[in-house]
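So the structure is just underneath, and the comments pick up after that.
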Amino acid sequence: MNDVLEELAKQAELKGVKFVKCPAEDLPEVSLRYSVSAVPTFLLLRGGSLLDRVDGANAAELTKKINLQVSKGSNTTSAKPAAEDLTTRLHRLINSAPVMLFMKGTSTEPRCGFSKSMVSLLDSHGALYKTFDILSNEEVRQGLKTYSKWPTYPQLYINGELIGGLDIVKEMNESGELQELLPKKETLEMRLKSLINQSDCVVFMKGSREAPQCGFSKQLMAILAETDIKFVTFDILTDEEVRQGLKTFSNWPTYPQVYVKGELIGGLDIIKELKESGELLSTLKGQS
């Protein structure tokens with residue numbers, strides 16, 4: 001989809017369209033505002049208002065919707081969303097992730113010693129958390145002090161409740177309380193195991209069931225369609241971590257890959273062999 005965006009940006013009729021990439025995981029406020037629950041998600045905006053969206057890697061649909069909005073012309077107007085009051089915004093930010101850290105800088109580039117120590121402490125537990133850089137927004141920086149009745153930073157929130165600053169978090173760490181409260185990051189291995197077990201039959205492929213993005217994937221979809229077996233697909237083009245990680249995890253270097261009840265069956269050649277031998281249906285049902 002990066003290539004698709006680059007090509008669209010080159011089209012003369014779309015010169016008035018700005019294409020911007022936003023890292024969803026790093027900007028929970030944006031993801032929450034537009035209900036982004038998976039990537040890639042494409043938002044079509046004008047004047048701050050959401051006109052349309054495309055969820056998933058669907059190049060044809062994205063191109064169609066962009067051209068549709070452009071064709072409506074620059075005279076199309078839409079009401080701007082009502083201004084959000086500070087209290088509502090702070091409440092939304094605090095609850096934008098199970099664990100939210102308001103700090104100076106970011107988790108990769110802390111801008112003060114206290115923030116750096118807090119990040120190191122959370123990372124030492126492999127914690128899953130989001131951060132908000134209070135140096136990037138003076139209104140949030142000052143307003144949160146009053147909202148939480150806590151005058152200093154960093155501030156750590158868990159499930160919408162203020163835990164405290166660095167000193168309190170250190171005390172909780174020493175007592176063992178902190179580790180029990182913090183959700184842990186999902187390792188790649190854990191994620192892959194979860195993905196291959198999400199259904200009795202899972203296919204990792206290029207593209208989707210409706211729109212395969214390579215000849216091997218297209219052939220596999222045609223074969224599986226003949227079996228009436230229920231299966232789910234995962235588009236490896238949308239997630240480079242899964243695409244590369246699964247090759248090592250399964251010790252199988254190519255795609256597509258078919259899994260039945262969490263076990264690798266193989267790729268297109270294996271599926272063809274099973275079909276020719278009459279074993280495909282029983283294999284996909286997990287009976288062999």
Side-chain angles (χ1 to χ4, degrees), residues 20-41 43 45 48 50 53 55 81-188 190-191 194 241:
V20 181
K21 297 178 185 177
C22 172
E25 290 292 333
D26 297 339
L27 297 168
E29 181 182 359
V30 176
S31 298
L32 183 67
R33 178 178 179 183
Y34 294 107
S35 300
V36 176
S37 58
V39 293
T41 293
L43 305 173
L45 304 164
L50 181 64
R53 66 188 294 147
D55 296 288
E84 185 178 42
D85 65 74
L86 181 58
T87 299
T88 301
R89 184 183 183 196
L90 294 175
H91 177 79
R92 180 166 55 78
L93 281 173
I94 289 169
N95 288 276
S96 61
V99 179
M100 274 297 298
L101 176 62
F102 292 82
M103 59 179 288
K104 294 180 179 179
T106 65
S107 58
T108 54
E109 295 184 3
R111 299 290 294 277
C112 76
F114 298 116
S115 293
K116 185 176 182 180
S117 297
M118 181 74 88
V119 166
S120 296
L121 191 53
L122 295 177
D123 287 345
S124 70
H125 289 289
L128 179 65
Y129 64 97
K130 304 293 185 185
T131 65
F132 183 91
D133 181 6
I134 51 103
L135 297 178
S136 68
N137 192 298
E138 189 64 21
E139 184 181 41
V140 170
R141 178 180 183 176
Q142 299 303 329
L144 193 58
K145 295 178 182 179
T146 302
Y147 180 91
S148 62
K149 298 179 181 178
W150 196 270
T152 59
Y153 290 100
Q155 293 182 17
L156 182 67
Y157 293 77
I158 298 180
N159 295 324
E161 297 294 329
L162 174 65
I163 300 301
L166 180 60
D167 290 340
I168 288 182
V169 173
K170 280 184 174 179
E171 291 175 7
M172 293 180 67
N173 182 54
E174 293 171 1
S175 68
E177 295 176 76
L178 182 63
Q179 188 169 359
E180 297 177 3
L181 291 174
L182 293 173
K184 302 299 186 292
K185 291 179 180 177
E186 184 181 42
T187 65
L188 178 57
M190 291 169 58
R191 187 178 177 210
S194 176
E241 184 181 48

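Computed from heavy atoms alone, side chains included, the values below leave out hydrogens, waters and symmetry copies. In this text the structure is predicted, and so the values were computed from the model without any measurement.
Considering every non-hydrogen atom in both V119 and S107, the closest pair reads CG1-O, 3.5 Å. Contact between W150 and G165 at its shortest, heavy atoms only, is CZ2-N, 3.3 Å. Listed here is the closest heavy atom pair of V99 and I158: CG2-CG1, 4.2 Å. What you find for M118 and G164 is that their closest heavy atoms are CE-O, 4.4 Å. For the residue pair L101 and P154, the shortest heavy atom distance occurs at CD1-CB, 3.8 Å.
Within 6.0 Å of CD on Q142 lie more than 12 heavy atoms contributed by other residues, nucleotides or ligands. Atom NZ of K145 has more than 12 heavy atoms from other residues, nucleotides or ligands within 6.0 Å.
Within the 4.5 Å cutoff, the side chain of S148 has no heavy atoms near those of the F102 side chain. N95 is not listed as a side-chain neighbour of Y157, based on a closest heavy-atom distance of 4.5 Å or more. Under the 4.5 Å side-chain criterion, counting only non-hydrogen atoms from C-beta, L181 is not in contact with E161. Annotation: side chain of I94 is in contact with side chain of L144 (closest heavy-atom distance under 4.5 Å).
Considering OG of S124 and CG of L178, their distance stands at 8.0 Å, rounded to 0.5 Å. How far OG of S194 is from CE of M190: 8.5 Å, rounded to the nearest 0.5 Å. Atoms NE2 and CG, on H125 and L121 in that order, are 5.0 Å from each other to the nearest 0.5 Å. To the nearest 0.5 Å, the span separating CD on E139 from CG on L90 amounts to 7.5 Å. Rounded to the nearest 0.5 angstrom, S115 OG and D133 CG are separated by 8.5 Å. For the atom pair NZ of K104 and OG of S136, the computed distance is 13.0 Å after rounding to the nearest 0.5 Å.
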Practice task
Please step through side chain to side chain contact (heavy atoms under 4.5 Å, CB included) for the pair L156 and M172, ending with a clear verdict.
Solution key: CA-CA 12 Å; L156 182 67; M172 293 180 67; over 6 Å; no

Apply side chain to side chain contact (heavy atoms under 4.5 Å, CB included) to the pair Y147 and L93, showing each step before the final yes or no.
CA-CA 12 Å; Y147 180 91; L93 281 173; over 6 Å; no

Should D123 and Y129 be marked as a side chain to side chain contact (heavy atoms under 4.5 Å, CB included) after you check the CA-CA gap, both sets of side-chain angles, and the distance that decides it?
CA-CA 9 Å; D123 287 345; Y129 64 97; 2.8 Å; yes

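Just one of M100, M103, Q155, R141 meets the side chain to side chain contact (heavy atoms under 4.5 Å, CB included) condition when paired with F132; it is M100.
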